[in-house]
S.K.: 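For reference, the structure I am asking about is given below.
Everything quoted here is computed from the prediction, not taken from an experiment. Computed over heavy atoms, backbone and side chain alike; hydrogens, waters and symmetry mates excluded. So you know, we letter chains A, B, ... as the sequences are listed, proteins then strands, and number each from 1.
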Amino acid sequence: VNHLLPLLVAVPIVGALVPVVLGARRPVLSRRLTASVLVGQVGLAVAVLAAVAATGPRTYVVGGLPAAVGIGLRADAVSSAFVLLVAVAAATLYLTVRTDTTGPTDSLWLLFVAGLTGITITADVFNLYVFLEISGLAAYALVAGRRGTQAALAAFHYLLVGTIGATFYLLGVGYLYVATGTLAMADLRVELAAIGYDSPLVVTAFVLVTVGLGVKLALFPLQAWKPDAYAAATPDVSALLATLGSTIPGYALVRLVFDVFTASFLDAVPLVRTGLLAVGVASVAAGGYLALRQSDVRRLLAYSSVLQMGLVVLGIAIATPAAVTAALVLLIANAVAKGGLYAATGVFAERFDATTVADYAGLGRDAPLTAAAVGVTLVSLVGLPPTVGFAGKWYLTLAAVDSRAWVVATVVLLSTLVSLAYAGRVVERLYLAPALDGVEPAVTDGGGLADDPARNRAVAFVVATAVATVLVGLGSTELTAWFAPVVEGWL
Amino acid sequence: MAVTNTVSVLPLAAVLLPTLAVPLIYAARTRPRLRETVTLVASTATLVTVWFAVQSPTTLVTPLGSFAGVPFALRADAAALLFALLAALLWLVTSVYSIGYMYALDEHAQTRYFAAFAASIAATMGVAFASNLLTLFVFYELLTLATYPLVVHAGTAKARAAGRQYIMYTLGGGVAALGGIVLVGVLTGTVTFTPGGVDALGAVDTTLARVAFVLLVVGFGVKTALVPLHGWLPTAMVAPTPVSGLLHAVAVVKSGVFALGRTVLYVFGPDTTWDLGLGLPLALAAAATMLVAGVVGLRQDNLKRGLAYSTVSHLAYIALGLALATPVAVFGAFAHVVAHAFMKISLFFAAGLIYVETGEKYVSDLAGVGRRLPMTMTAFAIAAAGLIGFPLVAGFVSKFHLLVGAAVSPHPAFVVAYLVAGVLKLLYFWPVIYTAFFGRRGSQTSESRHPFAPPHATDGGYVEGTAWERRSLTRETSPLLLAPVVATAGAAVLLGLVPTAFPFWALAEAVVVEVFG
């Protein structure tokens, strides 16, 4: 079973050759093969998850080399869940929302999956950088795949900022190597404790690593690339990026903080914790404020992600089991919600040419199914029960109050009202505004009766994510119980 | 009293039946008769379910696993049954009335209306049966979401503004309540309702316990419409009248005050509440609400707004009884939950009926309407008398207990507040009744309007000088509209004449026994 781990990365990388070879000449076959690779990836992820459930965490070193120099892979309860999230999101989005099937762009889709899966299961901080770059380069190219200068500029902006972020991360890795002489996470954990957490090298390494990942998470003030990229990309790409693009770096931040630096580091260097708290609060405030000011729905949702990632960082900074669990639950909650919402913006944009909040007037009547699903998903984003968004917020508030972090508790609770304000604008527009003059759409989603099967699949995806936010919310106790052994092992 | 728990699906069924009605109502959207049948069948079934739960000798519990790490369970204790029975009964009555109202006015979006109504009742049942604060909170927030479409039903700019205000108030309150719940959970390790209060709360940091109490009271005080958190309620009267009747006089505001009762009696407990010095401030806030709303209500010429302020005031009666937390006052509070519901829903039904039949919303436009709607206005007068506190109507019985409960409490001065509030009610309702029965249209002289009546704020909806057509008792309106008014006003009288004949009496007694031992 251990050989499944390298396959998780190898299958999508090798599969990425298929669209390059066949994409132009045999597009249908290429598309089918890509789909089967993605579905196979889901099967692999399920198998790994089942193996972890049965017998605990698994490690694998490629080529049997010692961990210090070899490519080490590790799957535990948390990482296998995120591997599954990557596989399922990539496969379902490909099958339902993906529209562009020409040429080599499907390769990028597969490379993106390979990179993110690698980030999730790697046991080595340098390999994490490599996978970060693979997924990053694929993401820049995917954004650039849309015709027009807007996409080109946004992709270029994204590339510049993303590369700078990755460089910061790589510098941090360099400092870690200088300090300890190893790159394997398990060794680093021991070595860092041995040389002392307050060593300037270690603190600098932490700051560099965090800033680097902070770019990928789009934490304030490093968030500017995100709304540009998500608004410029095609709907399928923005749905994929919004689901996974920041979620997996967020997971990587959790893993690096607690599995490499450990909570003792945060205790030993209070300034770092204060910094994380400040970044979290600033991201929540700035994300909420900027989301409120947006008229373009995709930009609005991008800023909402900034807010959500701020909450995740607050969970990391508090660093109790409940808080780390909250951070992981919030990552999943945001991923599920944003996937559905960006797919919905695609449906609205293609069918009704509606991209701004004002354009959404009356769509509750013309696209009842999509609009209802958007409503439910936004409820999760706001964090009302019984959705998964509420579960994350509940654990985070509980943790904040438990550690007497009153400011954090207040910020988390008030973020609900900010989210409500921007989500309320969208919902009210969908359902209560009269349709704009002269815009009388002839087609509706008619509960699935439209004549375009691709569009119906997209609507089905949106509805499925809405259902998922409720189901995962109802199953949040099981989800946290699944994370519990790993989270408690970290702390 | 030994409490025996029995696992049963009845509490869950009471929540699920109205929930299931929602998709069925949508499925039947093209066939209005079938759609209305779904509503009637679901409401009858819910009532029967709750009735069976009331008959059970043991306390029925439906454990539903856990949500976010906290046990999620529905439990039919006495307080839950009292509230659930009340809501189920009045849902059935209101369903009949709603059908008559929506048909008579040929309202738009009727399917959304009936579906949201069923969803609201489902959430109310959940609030009633919730066995801990988190479960209650889940349904409390769902209630807000389910009632929002009803508040904004008209879809006008005014309705949207009212909806925004409603959502911001109630969800803002929800945030405060969530903070309080988390704090209670962290301090004591439990959020489960315990009759007489969670003992551990008496032994924790008093400042934090006080903060938790304030957060919970503010959170639940929004729906209870305690001044200054009441602003949403008069604005929300823009909703169709059956909504105002059932939701804004019964389900929503009573969910707030019910949650408040759970906080005072089942989380903090009467003793801890007063030991922490929290009882008196809450009582003062309630008394102030009672009086302020009573005074502001005097100036309302719009009938529904006037009734809304009356609701604010009466909810504060209940909150004051809970805050004083003597056994008799608590009994009076729970009795008043029931009594006020029957009386106020009669008044709203009457107001809606007046609107359907005459198109009028302002009291000053209704001079002499008693000739046109004799039966309706008689029911209105009876219910108003009950709210003022006249004997032989439900309001007297509950208010009597509230007065006695206040008199035997450490602060008997609150008796005066109740009495003054009663006088304010008289000052509000008497001019309304006088105008309706003795007034004459098209005249501003003293013979048409009562000297205490508020200033004329008419929307100019009637033609000067026209007189009401005189109609007999049987021909005044559709039986679908009249029967519910007569039924609820009649029930209010029966509750005043033979209060012990209704299960509500025994349930309120059981609450007192459970809480005070």
S.K.: Hey, is the main chain of B:T235 close enough, under 3.5 Å, to the side chain of B:Q165 for a donor-acceptor pair?
M.R.: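 Such a contact is absent between B:Q165 side chain and B:T235 backbone.
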
S.K.: Kindly confirm or rule out a cation-pi arrangement of B:K223 over B:Y140, judged by NZ or CZ under 6.0 Å from the six-membered ring centre and within 45° of its axis?
M.R.: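 Judged by the rule (NZ or CZ under 6.0 Å from the ring centre, within 45° of its axis), B:K223 counts as positioned above B:Y140.
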
S.K.: With a 4.0 Å cut-off on N to O distance, would you call A:D267 and A:R273 a salt bridge?
M.R.: yes

S.K.: Please flag which part of A:V382 lies under 4.5 Å from any non-hydrogen atom of chain B: side chain, backbone, both or neither.
M.R.: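 Contact with chain B involves no heavy atom of A:V382 at all.
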
S.K.: Cut-off 3.5 Å, side chains only: do B:Y266 and B:T192 have a donor facing an acceptor?
M.R.: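 There is no such pair (donor and acceptor under 3.5 Å, judged by atom type) between the side chains of B:Y266 and B:T192.
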
S.K.: Of the listed residues (A:T397, A:L414, A:V412), which shares the most heavy-atom pairs with chain B below a 4.5 Å separation?
M.R.: A:T397

S.K.: For the interface with chain A, which of B:L142, B:V138, B:L145 has the highest count of heavy-atom pairs at distances below 4.5 Å?
M.R.: B:V138

S.K.: Which residue, B:F114, B:Y113, B:Y148, forms the ring-ring contact (aromatic ring centres under 6.0 Å, His included) with B:H153?
M.R.: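 When B:F114, B:Y113, B:Y148 are each tested with B:H153, the ring-ring contact (aromatic ring centres under 6.0 Å, His included) holds only for B:Y113.
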
S.K.: Does any heavy atom of chain B fall under 4.5 Å from the side chain of A:R404, the backbone, both, or neither of them?
M.R.: side chain

S.K.: Checking heavy atoms, do the side chain of A:L413, its backbone, both or neither come under 4.5 Å from chain B?
M.R.: both

S.K.: Please identify, among A:A400, A:P386, A:A391, the residue contributing the most non-hydrogen atom pairs under 4.5 Å to chain B.
M.R.: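 Maximum pair count with chain B is reached by A:P386.
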
S.K.: Taking the cut-offs as 6.0 angstrom to the six-membered ring centre and 45 degrees off its axis, would you call B:R262 and B:F193 a cation-pi pair?
M.R.: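 Satisfied, under 6.0 Å and within 45°.
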
S.K.: Looking at A:L384, A:V329, A:T416, which makes the most heavy-atom pairs under 4.5 Å with chain B?
M.R.: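 Heavy-atom pairs under 4.5 Å are most numerous for A:L384.
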
S.K.: Check whether NZ of the Lys or CZ of the Arg A:R425 lies under 6.0 Å from the centre of the six-membered ring of A:Y422 and within 45 degrees of that ring's axis.
M.R.: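 Negative - A:R425 is either too far from the ring of A:Y422 or too far off its axis.
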
S.K.: Does any heavy atom of chain B fall under 4.5 Å from the side chain of A:T480, the backbone, both, or neither of them?
M.R.: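 Neither part, no heavy atoms under 4.5 Å.
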
S.K.: Quick one: does any side-chain atom of B:R75 pair with a main-chain N or O of B:F129 as donor and acceptor, under 3.5 Å?
M.R.: no

S.K.: Please determine, among A:T325, A:L398, A:L479, the option with the most heavy-atom pairs under 4.5 Å with chain B.
M.R.: A:L398

S.K.: For the candidates B:L64, B:T156, B:L134, B:L183, which exhibits the highest count of non-hydrogen atom pairs separated by less than 4.5 Å from chain A?
M.R.: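 Between B:L64, B:T156, B:L134, B:L183, the count favours B:L134.
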
S.K.: In terms of heavy-atom proximity below 4.5 Å to chain B, should A:L420 be classed as side chain, backbone, both, or neither?
M.R.: side chain

